[in-house]
Amino acid sequence: MRTLRIEELDDRVVVTLARPAARNAINAAMIRELHDVCEALEERPRLLLLTGEGGTFAAGADIGELRERGRDQALQGINSRLFDRIARLPMPTVAAVDGYALGGGAELAYACDVRLASPAAVFGNPEPGLGILAAAGACWRLRELVGASVAKQVLLAGKRLDAEDALRFGLVTEVVPAGELLKRAHALIDRMARSGPLALRLTKLVADAPGGHPIADDLAQAILFESADKRDRMDAFLAGGRS
Ligand code: COA
């Protein structure tokens with residue numbers, strides 16, 4: 001991998017965006033490599049921890065490449081399809097954000113299930129300042145995450161959300177010193193990893209289904225009710241061994 005550092009553990013994969021000299025700007029090589037990560041996680045589902053090297057999460061799509069893209073590349077949805085794929089990964093994803101998460105970098109973080117931040121984190125979507133729109137999820141995911149009023153300040157008025165804002169608006173679950181960020185992210189993933197893997201996977205699938213969906217909930221529960229894992233976990237509870 002040229003643009004990512006990858007650590008594969010048994011129950012999780014840690015992916016570090018690693019173009020620090022370009023503030024981890026997301027270029028075509030990084031897009032390809034993140035698709036490779038997705039492919040591996042779709043084949044063998046594990047939790048994902050996504051972070052950035054050098055005190056930046058990601059300063060957006062690579063502006064040098066963006067400048068050369070035309071209508072046909074926009075219609076390919078180069079970033080949006082990748083971020084959708086990440087959002088639909090089978091197991092939960094956690095973004096540990098230190099420093100800037102701007103433009104496509106912010107959208108990548110918005111596509112994750114949970115975000116943690118360091119005090120230096122800054123989220124923003126300055127795309128209109130570059131004459132384009134934030135077309136890889138910010139125009140709808142950010143509204144789902146923080147509500148229309150805050151999202152429109154970010155999208156239309158160039159408001160940057162610092163760590164305190166992000167915590168207040170519910171964009172991140174906690175703010176921890178940069179030196180502890182990965183430790184806290186791993187602790188959160190440890191907690192997720194203690195759940196039944198299929199239960200976690202189906203919960204994510206059902207929770208992300210649009211609108212009301214009682215049938216999907218019942219079907220997912222029907223699968224889980226038949227699993228040996230459910231019986232083992234409930235037996236352990238009833239026997240007094242709390243997990
Ligand atoms: N695309 C391409 N290159 C980028 C980049 C991006 N999105 N963001 C930063 N870089 C490059 C800079 O061009 C610079 O390259 P150089 O050293 O060859 O000159 C290098 O990364 C360092 O950037 P610099 O601006 O000097 O760092 P900084 O710490 O002073 O500022 C940012 C960091 C993130 C505030 C600033 O780089 C920035 O505003 N980036 C663009 C953010 C943006 O508009 N993103 C939306 C894209 S859709």
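First listed ligand is number 1; within each ligand, the first listed atom is number 1. A quick note: this is a predicted structure, and the numbers were derived from the prediction, not measured.
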Please find the pair of heavy atoms, one from Phe57 and one from Leu17, that lie closest to each other, and give the distance. O-CD1, 3.5 Å
Minimum heavy-atom separation for Ser118 and Val175, please, with both atom names.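 Shortest heavy-atom separation between Ser118 and Val175 comes out as C-CG1, 3.8 Å.
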With side chain to side chain contact (heavy atoms under 4.5 Å, CB included) as the test, would you mind laying out the steps for Val13 and Leu49 before giving the verdict? CA-CA 6 Å; Val13 174; Leu49 169 50; over 6 Å; no
Within the 4.0 Å heavy-atom sphere of ligand 1, strictly under, residues: Ala21, Ala22, Arg23, Ala25, Ala59, Ala61, Asp62, Ile63, Leu66, Tyr100, Leu102, Gly103, Pro126, Glu127, Leu130
Strictly below 4.0 Å, N to O, side chains only: are Asp84 and Arg81 in salt-bridge contact?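 Judged by the 4.0 Å cut-off on N to carboxylate O distance, Asp84 and Arg81 do not form a salt bridge.
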Is there a path of hydrophobic side-chain contacts, each under 4.5 Å between heavy atoms, that joins Leu82 and Ile6? yes
Nearest 0.5 Å, what's the CD-CZ distance between Glu8 and Arg46? 4.5 Å
